[in-house]
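Working notes, structure below.
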Amino acid sequence: MAPNNELPNSTNFIQSIINEDLKRNKNDSRVHTRFPPEPNGYLHIGHAKSICLNFGLAEAYHGLCNLRFDDTNPTKEEVEYVDSIMKDVKWLGFDWGDRLFYASGYFEKLYECALDLIKAGKAYVCDLNAEQIREYRGTLTEPGKNSPYRDRSIEENLDLFQRMRAGEFPDGFRVLRAKIDMSSPNINMRDPVLYRIQRASHHRTGDKWCIYPMYDYAHPISDAIEGVTHSICTLEFEDHRPLYDWVVDNVAVPCHPQQIEFARLNLGYTVMSKRKLRALVEQGIVEGWDDPRMPTISGLRRRGYTPEAIRDFCERIGVAKSNSFVDIAMLEHSIREDLNARAPRLMAVLRPLKVIIDNYPEDQVEMLDAENNAEHPEMGSRQVPFARVLFIEQEDFREDPPKKFFRLAPGREVRLKHAYIIKCERVVKDEQTGEVLELHCTYDPDTRSGMSNEMRKVKGTLHWVSAAHAVKAEVRLYDHLFIKENPEEDEDFRANLNPGSREILTNCLVEPSLAEVQPGNRYQFLRQGYFCVDTDTIAGYPVFNRVVSLKDTWAKIQKAGQ
RNA sequence: UGGGGCGUAGCCAAGCGGUAAGGCAACGGGCUCUGAAUCCGUCAUUCGAUGGUUCAAAUCCAUCCGUCCCAGCCA
């Protein structure tokens, strides 16, 4: 372990605690954490916060972090989820080494500890049914009362508990409870249930067990067995800490981990509960756990987010105990910053408008050199064909340009990126609808990009593609899944779904260098945003997901003008 | 109403008795063959409120207010 003078500066309250522990040589100066997901759904960005915290702490202190599946409730857990969780943790860039564990791997040990508790007179088998247990528990303001079965003899408890395991009783017929204090102001201490009878086959232990331990019992023991020093969980478990400590103190385990609670992540314009995310998937509101609109790790991955951006985001938001509601702009900033540095720039026209350069020779094609990223010359360049018939973006032309609009308009000039300055001479419209069909322009041959004698300045630069060379593509534009920053403030969060959360454009035209792309490739489409090649791509028909748009000052100006 | 947390800018968040870091957002300006990026600048006389202790309080004490969590045989 690093000597005291090499401790990382504490950037949050958990590091402060660890630094103190290390100064006092607690836990032999080890730092050992764990990430303990329940395999009952896919991981989301909130889990990423926890993963970065737990694995990050272990890294910072040269300690270890385990991956442990908290699989004590077979009715909700599936292997599909454990597989996806491992994939996501790895993808985020973390490594649990040979420390992959399952709470179910401790079932036998957990059972033995329960026997010990019974023998010590600290646990008993209770015959009350669920409803009666609730009644006996009392309320928030009134103490509970002792179960009539609380004072059974140790022998009887032992016999009954063994027979629970042996399958002699039906589901829910009896439970094992800790004998603590029915009048405790902390409801978790009012003789909590430790084991329930549940005939359900478990994804790892099959039908070996018909009794399963509860979280409050299994979790502390699992931590202790693994030598975890700092057991980090979310705020809602703060009330459970006395019980966590009670279990560890009353059972034979090698150490006493310290539970520390932090605030879970809430993000604007999305939901973060597994229950709600599952509802979106199961009700077909989104197309799966990896729908690019989902805040799941798999959704973000498909959308085009990078692990680096997600980790950066988790670092920026910090770790504290106050319930926070993070601005989605923060996440978007992290991915923009990452992709800005690494994505090649290309041209793609999403909503094409035909442009004919009247003074450009019919059959001429020029191959223009275009750098892939002006700020990173090492990323090289490619050739882009220029010809008489082109397409530009519909929104880059306005017949009646508003103030401050410095794109194309009748009589105006703009620069075509990597090419020439053109001037709009004539507009061809549909006589019936008034729709603009095509633009006739002229180009100035002396203004080709890179010409050293070229000194003319125009205010606007547009992206474009050559009609004869462009590749047809599909582009999926995504927006927030919900229209409200906090969709959960209403009874049914689904009422706040954003109907425009996905727009699919099938008539896009991209430059020829994008003909051959691999799913997962990320690009910046000039002036539009960052895009990632989707897995739906087929040969000759690339499909792109918009990861995030570029910041758009013009859109802001227009909005302000309204 | 019992218990446990939390209140520092629009949003995160440092601060740990010596006079309010940083990031996001926003706003103004420079630069620009991406209205992007980048650069420069602005953005809390005050830390939920009120009292108290102190030479000195966001930091200590008291009271109050607000807000979140807990009454699964879920995690």
Side-chain angles (χ1 to χ4, degrees), chain A residues 10-12 16 36-38 40 70-73 75-77 126 128-130 133-135 137-144 171-177 184-190 192-198 212 214-216 218-219 233-242 261 263 265 268 274-275 315-334 336-337 340-341 345 347 373-375 404-407 414-419 421 447 449-450 454 457-463 485 524-529 549-557:
Chain A
S10 81
T11 60
N12 60 52
S16 307
E38 181 189 13
N40 67 341
D70 227 326
D71 54 351
T72 55
N73 185 357
T75 61
K76 295 185 175 172
E77 298 149 7
C126 183
L128 258 25
N129 64 34
I133 286 185
R134 193 182 324 124
E135 283 162 11
R137 188 153 35 220
T139 69
L140 294 178
T141 53
E142 300 157 23
D171 286 10
F173 195 68
R174 291 193 226 263
V175 294
L176 182 73
R177 292 228 251 170
S184 170
N186 181 345
I187 288 183
N188 295 298
M189 299 300 269
R190 320 239 262 231
V193 171
L194 266 23
Y195 269 91
R196 73 280 209 182
I197 302 173
Q198 201 164 224
Y212 290 96
M214 301 289 289
Y215 166 86
D216 283 319
H219 201 86
C233 63
T234 44
L235 251 28
E236 66 270 27
F237 293 103
E238 209 146 22
D239 288 344
H240 296 237
R241 194 168 61 223
E261 311 84 11
L265 170 67
K274 274 196 250 180
R275 201 196 102 240
E315 206 152 292
R316 282 172 193 270
I317 58 176
V319 176
K321 296 194 70 157
S322 59
N323 285 307
S324 59
F325 201 88
V326 176
D327 194 331
I328 187 79
M330 195 88 99
L331 216 210
E332 292 171 349
H333 175 264
S334 289
R336 282 195 186 104
E337 187 175 80
N340 176 50
R345 274 63 170 162
M347 296 195 288
N373 187 332
E375 288 168 8
K404 291 182 188 167
F405 181 87
F406 45 79
R407 276 112 98 142
V414 293
R415 149 86 54 194
L416 292 182
K417 180 75 180 175
H418 303 306
I421 289 175
T447 59
S449 293
E454 201 284 296
K457 295 284 178 196
V458 287
K459 196 71 174 139
T461 300
L462 310 186
H463 59 275
E485 185 155 26
Q524 184 195 100
F525 288 172
L526 237 38
R527 305 206 302 135
Q528 301 195 108
S549 65
L550 251 30
K551 284 207 218 165
D552 192 347
T553 305
W554 171 238
K556 211 178 280 181
I557 292 170

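Note on naming: letters A, B, ... go to the chains in the order of the sequence lines (proteins, then strands), and numbering restarts at 1 for each one. These numbers come from a predicted model, not from an experiment.
- Both A:Glu142 and A:Ser10 sit near RNA chain B, but only A:Glu142 has its closest nucleotide nearer the 5' end.
- Relative to the side chain of A:Ala329, the nucleotides B:C24, B:C12, B:G2 differ in distance, and B:C24 lies closest.
- Nucleotide B:C24 has B:G10 as its partner under the Watson-Crick or G-U criteria, with both atom distances under 3.5 Å.
- The aromatic rings of A:Tyr215 and A:His240 sit perpendicular to each other, their planes meeting at more than 60°, with 30° as the lower class boundary.
- Figure legend. B:U63 is base-paired to B:A49; pairs are counted as Watson-Crick or G-U wobble with both atom distances under 3.5 Å.
- Atom NE2 of A:His333 is separated from atom C1' of B:G22 by 13 Å (rounded to the nearest Å).
- A 3.5 Å limit on both hydrogen-bonding distances identifies no Watson-Crick or G-U partner for B:A56.
- Checked options A:Arg336, A:Glu332, A:Gln528; the residue passing with A:Ser549 is A:Arg336 (criterion: side-chain contact (heavy atoms from CB on, under 4.5 Å)).
- B:A14 sits 14 Å from B:G48 when the P atoms are compared, rounded to a whole Å.
- We find that NE2 of A:His463 is positioned 13 Å from P of B:U34, with the value rounded to whole Å.
- No engagement by A:Val458 is indicated, since no non-hydrogen atom pair under 4.0 Å with the nucleic acid exists.
- Across the P atoms, B:G41 and B:C24 are found 15 Å apart, a figure rounded to whole Å.
- Base orientation at B:G66 is anti, since its O4'-C1' glycosidic dihedral falls outside 90° of 0.
- As a whole-Å value, the separation of A:Glu375 CD from B:C31 C1' is 12 Å.
- When rounded to the nearest whole Å, the span between CD1 of A:Ile557 and P of B:G35 equals 11 Å.
- As rounded to the nearest Å, B:C16 and B:A71 have P atoms that lie 37 Å from one another.
- When the P atom of B:A13 is taken as reference, atom CD of A:Glu315 falls 15 Å away, rounded to whole Å.
- A:Lys274 places a side-chain N or O within 3.5 Å of a backbone atom of A:Glu38 that can act as its donor or acceptor partner.
- Atom CE in A:Met330 sits about 8 Å away from atom P in B:C12, given to the nearest Å.
- Between A:Gln198 and A:Asn73 the shortest side-chain heavy-atom distance falls below 4.5 Å.
- The separation of B:U1 from B:A58, taken at their C1' atoms, amounts to 32 Å, rounded to a whole angstrom.
- A straight line from CG of A:Asp552 to C1' of B:A26 spans 16 Å, rounded to a whole angstrom.
- Residue-level contact check: A:Thr553 touches the backbone only, with heavy atoms under 4.0 Å from sugar-phosphate atoms and none from bases.
- Within the 4.0 angstrom heavy-atom criterion, base atoms lie near A:Arg407.
- Rounded to the nearest Å, the gap between the C1' atom of B:A75 and that of B:U19 is 47 Å.
- For A:Lys551 and B:U34, the shortest distance from a side-chain N or O to OP1 or OP2 is not below 4.0 Å.
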Check: What does nucleotides 68-75 of chain B look like as a protein-contact string, B for base, S for sugar-phosphate only, - for none, at under 4.0 angstrom between heavy atoms?
Finding: SBBBSBSB
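- Looking at A:Leu194 and A:Met214, their side chains never come closer than 4.5 Å, going by heavy atoms from C-beta outward.
- Panel note: side chain A:Asn186, backbone A:Asp239; a donor-acceptor pair is recorded below 3.5 Å.
- Within 3.5 Å, no donor on the side chain of A:Arg527 pairs with an acceptor on the base of B:G35, nor the reverse.
- A gap of 6 Å separates the C1' atoms of B:A9 and B:A44, to the nearest Å.
- Under the Watson-Crick or G-U wobble criterion, with both distances below 3.5 Å, B:U34 has no partner in any strand shown.
- No engagement by A:Arg190 is indicated, since no non-hydrogen atom pair under 4.0 Å with the nucleic acid exists.
- Here the side chains of A:Leu550 and A:Gln524 are in contact, with some heavy-atom distance below 4.5 Å.
- Among B:C24, B:A14, B:G3, the nucleotide with an atom closest to any side-chain atom of A:Arg316 is B:C24.
- Side-chain N or O atoms of A:Ser184 include none that pairs as donor or acceptor with a backbone N or O of A:Met189 at under 3.5 Å.
- One atom, CD of A:Gln528, and another, C1' of B:G35, lie 13 Å apart when rounded to the nearest Å.
- Side-chain contact between A:Phe405 and A:Trp554 is present, with at least one heavy-atom pair separated by less than 4.5 Å.
- At the phosphate of B:G7, neither OP1 nor OP2 sits under 4.0 Å from any side-chain N or O atom of A:Lys321.
- Across all strands shown, A:Lys556 has heavy atoms under 4.0 Å from sugar-phosphate atoms exclusively, and none from any base.
- A:Leu462 comes within 4.0 angstrom of no nucleic acid atom, judged by non-hydrogen atoms across all strands.
- Base contact: A:Leu550 has a heavy atom under 4.0 Å from a base atom.
- Distance noted for atom C1' between B:U63 and B:C55: 26 Å (whole Å).
- Separating the P atom of B:G66 from that of B:C27 is a span of 35 Å, rounded to the nearest Å.
- Nearest to the side-chain atoms of A:Phe405 among the listed nucleotides B:A37, B:G4, B:G35 stands B:G35.
- Among the heavy atoms of the strands lying under 4.0 Å from A:Gln524 is at least one base atom, whether or not backbone atoms are also near.
- In A:Glu315, the CD atom is not crowded: 12 or fewer heavy atoms of neighbouring residues, nucleotides or ligands sit closer than 6.0 Å.
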